[in-house]
Undergrad: 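Here it is, the structure in full.
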Amino acid sequence: MAFLAGPPRRLEDSGNTVTYRHLLSPQAMTVFNPLRTIAHCDIDAAYAQFESVRLGLPDDIPLICAQWQSIIAVNYPARKYGIKRFNTIDEAKKLCPHLYVQHVATYRNGESEAGYWGEVDPQTHKVSLDPYRRESLKILAIFKELVPKGEIEKASIDEAFLDLTPMAIDRLLLVHPYLASVPEDAPDGLDSALPPAPPIDWSKAGNVFPADGEEGAREVTTWEDWALCMGAEIMAEVREEVWKRLHYTCSAGIAHNKAMAKLCSAWKKPNNQTVLRMSATSAFLRDMDFTDIRFLGGKLGQAIATEYNAQTVGDMLTVPLEELQAKFGEESIWVYNIIRGIDHTEVTARVATKSMLASKNVRPNVKTPEQGHHWLGVLAGELNVRLRDAREISPGLWPKTLVLSHRTGIEPSRSRQIPFPFTRNLSTEYILKFARRLWDEATQPMNKGNMKLNNIALAFTGLEKLEEGQQGIEGFFASKVSLDAINIKRSRSNSPAGSPKKPRLPTLHTGKRKTPLEAFLAKGESSASSSTVQANPVPNGWTCPKCGALITPSDPVEARSGSLAAEKQEHEDWHFAMSLQGGGTGGSGSGEQGARPKAKVKKKPQGIKAFFTPKG
DNA sequence: CTGGTGAGC
DNA sequence: GGCTCACCAG
């Protein structure tokens, strides 16, 4: 039974020797590879920086981003004046009289486009975070372009994890070409240990968190450190590129796993990065506040901290695994591991959104159906434009359900949902029809004069890319058949009789003009392949270097007027959209060891579908 | 399908 | 505090 006591071990994880297999075998590229190199990156005071750049302000102007009377972001120049997020705007202005206060964009009474206005009124306006989502996508596009080989996980609107392992190994082999082949006389072939690692020049890697008693003492350099250094150099280049192209500064952490990368990205801010080597992990974690660790900032973390009277990670290290699991469940092994710097969770390629919420705290309270309908219209209008926008980047994107939530006073909010049938004619009105139905159900129990809502929210959930076949026939006819009929007619046999031809459902390409954002997003992809494009010209057409598809002008009449170029661009956009959605090189697909709360062991489906299948 | 938790700006 | 997002339990 003794072998069950420790954390799980695998061949790849054996001891502390790095072998040629770790470096060269694709099969060894799992979460257990000791050379694994993960970065976490977040934009410094994101919303405030977005606004400062949008306004074209100099970098040293103190600015806060406001939402009604509260502050949601404080840029670093403003922080010098002691301004915090929880200050009121008046307090902030007292601390810094020349502070630039910028309110977030808003929709004015249900207008179809959000904008920046001189005056904003919470009674008539609805906050829009769309401008920030767009910036977020631009940044992700740069990550994707500069880190084409590793997975990228969008963690929030301004944070991402990057698996730098493949790129770091490439660079390592570039610097040490002799590692690329196993020596003839290596005793164990691929499983032979690498030669001793030479000293490292960390000068381009940013901050390196010091290990215990390291000052001047002899320190053993490892190949794991080399991988981190290569990753850190890559990350520094990525950050530099974000700065050059978008003028945003960001902070990053580079470590062997996600949890540590996330923690050390916050070590030096702003505009800085920190490397956390294995040998420095315990020194780094020991004095850290236990509840600063991701997923331990809430009730669970509090419960554990209280149980063991622990403040720092160091305080928790004496708690035996068995005891922890006895009190907090089998799953709490991830806590045991993470305070030791161990985290085997994967960087899951995900940049597509799974839900869209438009929420409004209404002032004054909504007391009549008429007031409710007004706000429903505003919320539906926002969802309409957001889904439209998302579909330009992710064609075929469609929500499974529409959800209405509402809250009365301090009661917990209630929600109701309804399937959201596909239509080719998405409109605010279409969304509203379903939203109203939910509203009627939800407000049914409220007696006249009893209604007093202070929050109303509308959300799309189960956002997925529909393939043509999945776009139900009943959905296709939605605009022609009464809505009541749609809800009843779910089965194919109920579809209108005598519709022999499969309807031509919306194609992947809308053929619409590109927005500046799309053009921007497409740029990286097309320029990257442009040299290849030149190399294989096809008379009267173009062969995609990525998939081999032959693109010819669909309309001969328009052929001379740039139609081919447009279709080529569209095709490349499509590839880009696919790559953004995580269709890159497949994941490593190794099993998980419960390193995260409730992590499930899942078998990965094959191919591109894998990224769109609902979790089962 | 509904509610709750956790995180972040 | 307002507005998001993801994930999970029952």
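In the text below, chain A, chain B and the rest are named by the order of the sequence lines, each starting its count at 1.
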Undergrad: What's the CD1-C1' distance between A/I410 and C/dG2, to the nearest Å?
TA: 17 Å
Undergrad: What is the separation between atom CD1 on A/I43 and atom P on B/dA7, rounded to the nearest whole Å?
TA: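 Interatomic distance, CD1 of A/I43 to P of B/dA7: 21 Å.
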Undergrad: Determine all donor-acceptor pairs shorter than 3.5 Å in which one atom belongs to a side chain in residues 79-89 of chain A; sequence neighbours excluded.
TA:
from  : atom 1 : to    : atom 2 : distance (Å)
A/R79 : NE     : A/V74 : O      : 2.9
A/R79 : NH1    : A/Y76 : OH     : 3.1
A/R79 : NH2    : A/V74 : O      : 3.2
A/Y81 : OH     : A/H98 : NE2    : 3.2
A/R85 : NE     : A/I72 : O      : 3.3
A/N87 : OD1    : A/K84 : N      : 2.6
A/N87 : ND2    : A/E91 : OE1    : 3.2
A/T88 : OG1    : A/E91 : N      : 3.2

Undergrad: What is the nucleic acid contact for A/E159, judged by heavy atoms within less than 4.0 Å: base, sugar-phosphate only, or nothing?
TA: sugar-phosphate
Undergrad: Does a side-chain N or O from A/K360 land closer than 4.0 Å to OP1 or OP2 of C/dG1, or not?
TA: no
Undergrad: Let me know the distance between NZ of A/K354 and C1' of C/dC8, rounded to the nearest Å.
TA: 12 Å
Undergrad: Where along nucleotides 1-6 of chain B does protein come under 4.0 Å, by heavy atom, of base (B) or sugar-phosphate alone (S), with - for untouched nucleotides?
TA: BBSSSS
Undergrad: Mind checking ring-ring contact (aromatic ring centres under 6.0 Å, His included) for A/W68 and listing every partner two or more places apart, or none if nothing turns up?
TA: A/H103
Undergrad: Nearest to the side chain of A/I72 - C/dT4, C/dA6, B/dC9?
TA: B/dC9
Undergrad: Respond yes when some side-chain nitrogen or oxygen of A/K84 is under 4.0 Å from OP1 or OP2 of B/dC9, and no when none is.
TA: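 So the side chain of A/K84 is outside the cut-off, no N or O lying under 4.0 Å from OP1 or OP2 of B/dC9.
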Undergrad: Using a 4.0 Å heavy-atom cut-off, does A/A48 contact any base of the nucleic acid, only the sugar-phosphate backbone, or nothing at all?
TA: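 Answer is nothing: A/A48 stays at 4.0 Å or more from every strand.
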Undergrad: If you assign each of A/V362 and A/A155 to its closest nucleotide in DNA chain C, which residue comes earlier from the 5' end?
TA: A/V362
Undergrad: Starting from P on C/dT4, measure out to CE on A/M356 and report it in whole angstrom.
TA: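 To the nearest whole Å, that distance equals 11 Å.
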Undergrad: Which nucleotide sits closest to the side chain of A/L357: C/dC5, C/dG2, C/dC7?
TA: C/dC5
Undergrad: Using a cut-off of less than 4.0 Å, is there contact between a side-chain N or O of A/N361 and OP1 or OP2 of C/dG1?
TA: no
Undergrad: Is A/R133 close enough to C/dC5 that one of its side-chain N or O atoms is under 4.0 Å from OP1 or OP2 there?
TA: yes
Undergrad: How long is the line joining OH of A/Y132 and P of C/dT4, in whole Å?
TA: 12 Å
Undergrad: Using whole Å, what does the distance between atom P of nucleotide C/dG2 and atom CG of A/D121 come to?
TA: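 Distance, rounded to whole Å: 15 Å.
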Undergrad: Do the side-chain N or O atoms of A/S70 get closer than 4.0 angstrom to the phosphate oxygens (OP1, OP2) of C/dG2?
TA: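 For C/dG2, neither OP1 nor OP2 has a side-chain N or O of A/S70 closer than 4.0 Å.
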Undergrad: List the atom pairs, donor and acceptor, that lie under 3.5 Å between side-chain atoms in residues 377-385 of chain A and the rest of the protein, sequence neighbours left out.
TA:
from   : atom 1 : to     : atom 2 : distance (Å)
A/E382 : OE1    : A/K126 : NZ     : 3.0
A/N384 : OD1    : A/R388 : NH1    : 2.9
A/N384 : ND2    : A/T428 : OG1    : 3.1

Undergrad: Just jot down the ring-ring contact (aromatic ring centres under 6.0 Å, His included) partners of A/F290, sequence neighbours excluded, or say none.
TA: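 So A/F290 forms no ring-ring contact (aromatic ring centres under 6.0 Å, His included) with any residue.
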Undergrad: Taking CZ from A/R363 and P from C/dG1, how many angstroms apart are they, rounded to a whole number?
TA: 11 Å
Undergrad: Check the angle between the aromatic planes of A/Y47 and A/Y132 and answer parallel, tilted or perpendicular using the 30° and 60° thresholds.
TA: parallel
Undergrad: How are the rings of A/W117 and A/H125 set relative to one another: parallel (under 30°), tilted (30 to 60°) or perpendicular (over 60°)?
TA: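 Geometry flag for A/H125 against A/W117: perpendicular rings.
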Undergrad: With a non-hydrogen cut-off below 4.0 angstrom, is A/D158 in contact with a base, only sugar-phosphate, or nothing?
TA: sugar-phosphate
Undergrad: According to the interplanar angle, ranging from 0 to 90°, do the rings of A/F420 and A/Y430 count as parallel (below 30°), tilted (30 to 60°) or perpendicular (above 60°)?
TA: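 Ring orientation, 0 to 90° scale: perpendicular.
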Undergrad: A/L129 has an atom CG; how far is it from atom C1' of C/dG2, in whole Å?
TA: 9 Å
Undergrad: For A/R416, which residues count as a side-chain contact (heavy atoms from CB on, under 4.5 Å) partner, sequence neighbours excluded?
TA: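 A/R416 satisfies side-chain contact (heavy atoms from CB on, under 4.5 Å) with A/L438, A/E441, A/A442 only.
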Undergrad: Taking for each residue the nucleotide of DNA chain C with the nearest heavy atom, is it A/S359 or A/R85 whose nucleotide lies nearer the 5' end?
TA: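 Its nucleotide being nearer the 5' end, the pick is A/R85.
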